[in-house]
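Atoms considered below: every heavy atom in the structure, side chains included; atoms not considered: hydrogens, waters and symmetry mates. Just so it is clear: chains get the letters A, B, ... in the order the sequence lines come, proteins before strands, and each one is counted from 1.
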2 protein chains.
Amino acid sequence: MVVGRDRQRRNKWKTRPVRQDIHTSGIPVLCVSCEARHRGICGALEPVQLVELARASTKHVLEEGAELIGDAEPIDTYANILSGVVKLTKSLPDGRQQIVGLQFAPDFLGRPFSEESAIGVEAATPVSLCSFPRRTIQRLKDTPGLERRLLMQTLRELDEARGWMMTVGRKTAAEKVASFLLLIARNIDPTLGEEVAPAAAFDLPLTRADIGDFLGLTIETVSRQLTRLGRDGLISVKGRRVELLDMGRLADLAGA
Amino acid sequence: MVVGRDRQRRNKWKTRPVRQDIHTSGIPVLCVSCEARHRGICGALEPVQLVELARASTKHVLEEGAELIGDAEPIDTYANILSGVVKLTKSLPDGRQQIVGLQFAPDFLGRPFSEESAIGVEAATPVSLCSFPRRTIQRLKDTPGLERRLLMQTLRELDEARGWMMTVGRKTAAEKVASFLLLIARNIDPTLGEEVAPAAAFDLPLTRADIGDFLGLTIETVSRQLTRLGRDGLISVKGRRVELLDMGRLADLAGA
DNA sequence: CGCGCGCTTGATTTGCGTCAATATGCGTGG
DNA sequence: CCACGCATATTGACGCAAATCAAGCGCGCG
């Protein structure tokens, strides 16, 4: 019962310095359309601080599979996700792997108070980041709202992790896959919220292998459950493209 | 494949007001021997603030099975655990249950920024608490270190939750049980730390049902794995009493 | 005492992992 | 253009680990 196989990784960073214009009522251009300024941690910053942070920031584009941080490597930079999906992984010495979290824009990446991370961080899709050195954040640390934002994101991640513990520990394969589809749907289209919208369509940002590693299943089981959900008319699957046809039954299957 | 059964709960609070002496260099007597003052959140407080907090505090003793907070009930008080073990649970509409976290002294209990909790909180053993109203903490909120302590505990809980996601999602029953035993051992006797000590003995603070709910297993499987670990000489079990005879092989089984 | 409860142990079933063969899609080079 | 390789996905047959079903034991308690 040893699951999870080795997978190859690539590592390419495309770096590009950030433009320095700082008008539009004092807000850096980099930031004006950035989600992190509203829902992310930057929302806690005053325009002046935003300028300071933006000055130290660089925008990166990573391609799928790029590792941001390996297990137990030192971290010296933090980042906000601008787009794409990042997976947090843990693995056993024998290669079994578990995805312990998925991060979407405008989540904050990095580990306060700890020089090294116990988890791997990898781009699941092409990802663009706004990253800045640890020191810059530390200088801003006294901003009352900043640490609070961080705490709030951390609490949210904790809730999510616990939710997935339930899913992974107690749900059946079909329920797991349904739950996963809803997770993705809600993150692709936040307007879906918790309520039941009629339908949704999107491309899965994860391979079957990743989905398996997230749900504690094998790729074969994930595949089978997807085709079964399709046969039963809850969804339609063609490769990565998925349509949720019956959100009601799907949410029901996923279990409240 | 529907696991988890209904269980009965009791609900008895034994309340007792806190003594008001505030000498010993300004530290409330209630606090002088309290672990939370060192490793917990109270460590961030100045003696003056400690007095303020202690004045608003009451000590409670709960018996095993008492619910602190039900699913989705409003919370108006926070607490530090003085002794005992508290389990955090989630459950599905059909009764399946998952324990999503265990808290030991001197952990902080409560949910900042949220009026209600999505998880159940229940005493797994007799528990004693030092609890205080939400407002008191909010008044102290500006203390620079307090929120940081909270963030640090939350980050630690997040790490733990993710560690258990790996355990629940990818490990075999035997590995799960071994991991669990090590968790308990390390919390009963913190000197064990991460290193391999020769042996340890303790009473399990959880029933087999709870262990199953924590690991995503049935009680029967937990029981079988325990007797097997016993037969193989890694541990010795008699009811709740457990001795870890071979920490090395145990840690090895649990998987780094 | 007898009942309930927690736990163990055994027999049986089954969901999902494993192994293996076969698509399907995509980039590369002939 | 098709041929080829490679990675990802699907599908089927089979086996096993853990769930389910079912006794039975020890113990505390009304």
Requested in this report: Indicate whether the side chain of B:K171 and that of B:S179 have a donor and an acceptor atom separated by less than 3.5 Å.
Outcome: yes
Report summary line: B:K238 atom NZ is separated from C:dT8 atom C1', nearest whole Å, by 16 Å
Requested in this report: Might you confirm whether atom CZ of B:R240 has over 12 heavy atoms from other residues, nucleotides or ligands at distances under 6.0 Å?
Outcome: yes
Query - Atom pair distance, as rounded to whole Å: CZ in A:R240 and C1' in C:dG25 - result: 12 Å
Report task. Provide, to the nearest angstrom, the distance between the CZ atom belonging to A:R208 and the P atom belonging to D:dT8. Result -> 12 Å
Between the protein and nucleotides 26-30 of chain D, list every N/O to N/O distance that falls short of 3.5 Å.
none

Query raised in the report: Between B:D159 and A:R111, is there a side-chain N and carboxylate O pair less than 4.0 Å apart?
Result: yes
Requested in this report: Take atom CZ of A:R228 as the centre, draw a 6.0 Å sphere, and report whether it contains more than 12 heavy atoms from other residues, nucleotides or ligands.
Outcome: no
N/O contacts under 3.5 Å, protein versus nucleotides 11-15 of chain D?
| unit_1 | atom_1 | unit_2 | atom_2 | d |
| --- | --- | --- | --- | --- |
| D:dG12 | N7 | A:R224 | NH1 | 2.9 |
| D:dG12 | O6 | A:R224 | NH2 | 3.4 |

**Report entry** Electrostatic pair A:D203-A:R241, nearest N-O below 4.0 angstrom
**Finding:** yes
Query raised in the report: Taking the side chain of A:T172 as its heavy atoms from C-beta onward, which of C:dC16, D:dT20, D:dT10 lies nearest to it?
Result: C:dC16
**Report entry** Touch class at under 4.0 angstrom, heavy-atom based, for A:R228 against every strand present
**Finding:** nothing
Report summary line: Contacts satisfying salt bridge (Lys or Arg N to Asp or Glu O under 4.0 Å) that involve residues 245-256 of chain B (not counting sequence neighbours) are B:D246-B:R249
Requested in this report: Take the protein atom CZ of B:R170 and the nucleotide atom C1' of D:dA17, then report the distance between them rounded to whole Å.
Outcome: 15 Å
Query raised in the report: Expressed in angstrom and rounded to an integer, what is the separation of B:R241 atom CZ from C:dC7 atom P?
Result: 16 Å
Query raised in the report: Rounded to whole angstroms, how far apart are CG on B:D94 and P on D:dT20?
Result: 11 Å
Query - Side-chain donor-acceptor pair present, A:S131, A:T77, cut-off under 3.5 Å - result: no
Query raised in the report: In whole angstroms, how far is the P atom of C:dC5 from the CD atom of B:E64?
Result: 14 Å
Query raised in the report: Using 4.0 Å as the upper bound for N to carboxylate O, is an ion pair formed by B:R224 and B:E220?
Result: no
**Report entry** Cationic N near anionic O, under 4.0 Å, A:E175 to B:R96
**Finding:** yes
Report task. Report yes if at least one side-chain N or O of B:T218 is closer than 4.0 Å to OP1 or OP2 of D:dA19; otherwise report no. Result -> yes
Requested in this report: Classify the nucleic acid contact of A:G212 as base, sugar-phosphate or nothing, counting any heavy atom under 4.0 Å across all strands shown.
Outcome: nothing
Query raised in the report: Taking CG from A:L217 and C1' from C:dG15, how many angstroms apart are they, rounded to a whole number?
Result: 11 Å
